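These notes are about the structure you will find just below.
It should be emphasised that the depicted structure is a prediction, and the values quoted were computed from it without experimental measurement. Within every chain, numbering begins at 1; the chains are lettered A, B, ... in the order of the sequence lines, protein sequences first and strands thereafter.
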Amino acid sequence: MPFAPESRALYSRLRRWFAKHARPLPWRGQTDPYRIWVSEVMLVQTTVAVGIKRYPRFLKRFPTLRSLARATLDDVMKEWEGLGYYHRARYLHQAARIIQDQYGGVFPSEYDEIRALPGVGDYVAAAVSNFCFGTRVPAIDANVARVGARLFGITGGVRNGPVRAKVYRELSKLMTVGNGAIWTDALIEVGALICSPRSPGCPSCPLTQNCRAFEKGHPDKYGMPEARTPRSEVQVACGIIRRGDGKILIAQRLETGLLPGLWEFPGGKQQAREALAETCRREIEEELAIEVRIGRKRMVVRHAYSHYTVRLHVFDCVYLSGRPRKIGCQNWRWVRPTELHALAFPSANRAIIEAIGGIPTENSQS
DNA sequence: TAGTCGTGGAC
DNA sequence: TGTCCAAGACT
């Protein structure tokens, strides 16, 4: 155990710092695996500020594993609306049913069982195991990867597999003492509050005396992500399709790909040398096999996704003929504007819903 | 391995 | 306004 003395001192400083500076967060200090699991999945690539708002609401809607397992997927998607990365909600629902069916409703306690649940990767499995089942497994999220790379003086982009493997190895050596939950929580908190990507606050960091990057004088030269590929812009057209009784036609997206299972105003991407009104007409025909007359452009919505940005050109349309068919969508529905609030829509559609007199969903607004 | 998958907050 | 990024997982 060559690292034990150093580990103990480091852990001790970390634990004391955490006890004094940790933010009070709604999921902090809990040990119910269902609640911890929900928090970890919700916080994947999601800011703490958003989590603080949405986590309590999710638990109020689905207080227990059983309630989540018994819910319809549509209800879960509605609750997840605005959080993004919607496959997380689908996996959450799936996994709840697996635990209900295969584990008698009792959350599995072995790391390998937790890791095998859909939507649970190395990080979430380690975190749940440490917070709820007393283990000491390095849980490497973006914070811990950055803190670890600096602490151990590991060069290279932190999203890089080999770099993360080194952090894992070194952290395993340190985590032979102390409490795994505190290790995990405290390392993440150091990354969030002190060891930030751009300007690490070394003077107030509990790890400074052990930090190789600090020792070398350039902490910000370590633990940085590799550059991201630039985003392109795509033109999209969609239609507010009305018929005589005032109802509007909406479609439910396919279960795979972008925004799986969410509802939307029918439309799609512009092709080369195509007028946007024609894009709108063509996409609606291809998706639903109906004919519409394209009216005036109602609005343009700009929206940024992970890998590209879109300009969404919204046209007023009049329904002409044909019974809608599920060709490029998994479902469709004629609804009154006041019914839209019950269904999950992408955030980019919020302005459209508001414009046509639907009740705007209050998700993620400040 | 590298691309895909959203969104809002911070600056 | 633009850019970066967050308690990653999956294919």
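A:Arg90 comes within contact range of no nucleotide atom at all, as no heavy-atom separation falls under 4.0 Å. In this structure, A:Ala139 reaches neither bases nor backbone, as no heavy-atom distance under 4.0 Å exists between it and the strands shown. When heavy atoms are screened at a 4.0 angstrom cut-off, A:Val120 is found touching the sugar-phosphate backbone but no base atom. Residue-level contact check: A:Val124 touches the backbone only, with heavy atoms under 4.0 Å from sugar-phosphate atoms and none from bases.
Contact annotation: the side chain of A:Lys247 never approaches that of A:Arg333 to less than 4.5 Å [non-hydrogen atoms, C-beta and beyond]. Inter-residue side-chain proximity for A:Arg302 and A:Glu233 is flagged as met; some heavy-atom pair is nearer than 4.5 Å.
Residue A:Arg350 places at least one side-chain N or O under 4.0 Å from the OP1 or OP2 atom of B:dG8. Contact annotation: A:Ser347 side-chain N/O to B:dT7 OP1/OP2 distance is under 4.0 Å. Taking only side-chain nitrogens and oxygens, A:Lys53 never comes nearer than 4.0 Å to OP1 or OP2 of B:dG8.
Of the candidate nucleotides B:dG9, B:dC5, C:dG8, B:dC5 has the atom lying nearest to any side-chain atom of A:His307.
Taking for each of A:Pro162 and A:His303 the nucleotide of DNA chain B with the nearest heavy atom, the 5'-most of the two is the partner of A:Pro162. Mapping A:Pro346 and A:Arg159 onto DNA chain B by nearest heavy atom places A:Arg159 at the nucleotide closer to the 5' end. Where A:Tyr91 and A:Ser39 each meet DNA chain C at their nearest nucleotide, the meeting point lying more 5' is that of A:Ser39.
A salt bridge between A:Arg90 and A:Glu255 is present, with a side-chain N of the basic residue lying under 4.0 Å from a carboxylate O of the acidic one. Between A:Lys166 and A:Glu170 no salt bridge is recorded (no basic side-chain N to carboxylate O distance below 4.0 Å).
Using the six-membered ring where Trp is involved, A:His87 and A:Tyr91 have ring planes that are perpendicular, over 60° apart on the 30 and 60° scheme.
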Atom pairs, protein N/O to nucleotides 1-5 of chain C N/O, distance under 3.5 Å:
residue, atom, partner, partner atom, Å
C:dC4, O3', A:Arg198, NH2, 3.2

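The aromatic ring centres of A:Tyr55 and A:Phe58 sit 6.0 Å or more apart.
Partner of A:Tyr222 under the side chain to side chain contact (heavy atoms under 4.5 Å, CB included) criterion, chosen from A:Val158, A:Thr155, A:Val163: A:Thr155.
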